[in-house]
Amino acid sequence: MLALFLPLIISSGGNSGSQASTLVIRAMALGEVRAADWWLVLRRELIIGLSLGALLGVLASLRVVVWGAAGSYGAHYLLIGVTWR
């Protein structure tokens, strides 16, 4: 059942990784970011990545709980929703 949610994780990871690397390379090319600023860039990307992951996890859990209450995921829908988070 949890395999149904893998595309959510795969697509968000690929998209955000591509955008982050593109923005960092562009900023370095324009001189907005130096190599010495690596910790600031890494910290910002970690915060954004963790926030995105938490938000997607909460939304997926809510989806499982709402659809599970309607009978879509069987009797153990709450366990599936909690496992996702």
Side-chain angles (χ1 to χ4, degrees):
M1 183 62 66
L2 293 176
L4 296 173
F5 296 99
L6 283 177
L8 174 73
I9 300 299
I10 293 170
S11 66
S12 66
N15 291 340
S16 61
S18 296
Q19 287 180 350
S21 64
T22 301
L23 289 176
V24 169
I25 291 169
R26 180 183 178 276
M28 289 177 74
L30 294 176
E32 297 172 354
V33 173
R34 299 181 322 245
D37 298 330
W38 70 271
W39 174 246
L40 297 174
V41 173
L42 179 67
R43 186 180 66 185
R44 183 181 63 200
E45 293 300 325
L46 281 174
I47 291 171
I48 291 171
L50 290 172
S51 299
L52 178 63
L55 178 67
L56 290 175
V58 168
L59 290 176
S61 293
L62 289 175
R63 177 183 171 216
V64 168
V65 170
V66 169
W67 286 19
S72 295
Y73 293 112
H76 302 290
Y77 68 91
L78 286 177
L79 292 176
I80 293 172
V82 172
T83 302
W84 179 252
R85 291 174 62 183

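Positions are given from 1, in the same order as the sequence printed here.
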- Query: V41: which other cluster members, linking ILVMFWY side chains closer than 4.5 Å, directly or transitively?
  - Reply: V24, M28, V33
- Rounded distance (nearest 0.5 Å) linking atom CG of L52 with atom CG of L56: 4.5 Å
- With hydrophobic residues grouped by side-chain heavy-atom distances under 4.5 Å, do L55 and L50 end up in a single group? no
- Look up atom CD1 in I47 and atom CD in E45, then write down how far apart they are to the nearest 0.5 Å. 10.0 Å
- Task: Sort and list the pairs that fulfil salt bridge (charged side-chain N to carboxylate O under 4.0 Å, His left out) and have at least one residue in residues 15-29, not counting sequence neighbours.
- Result: none
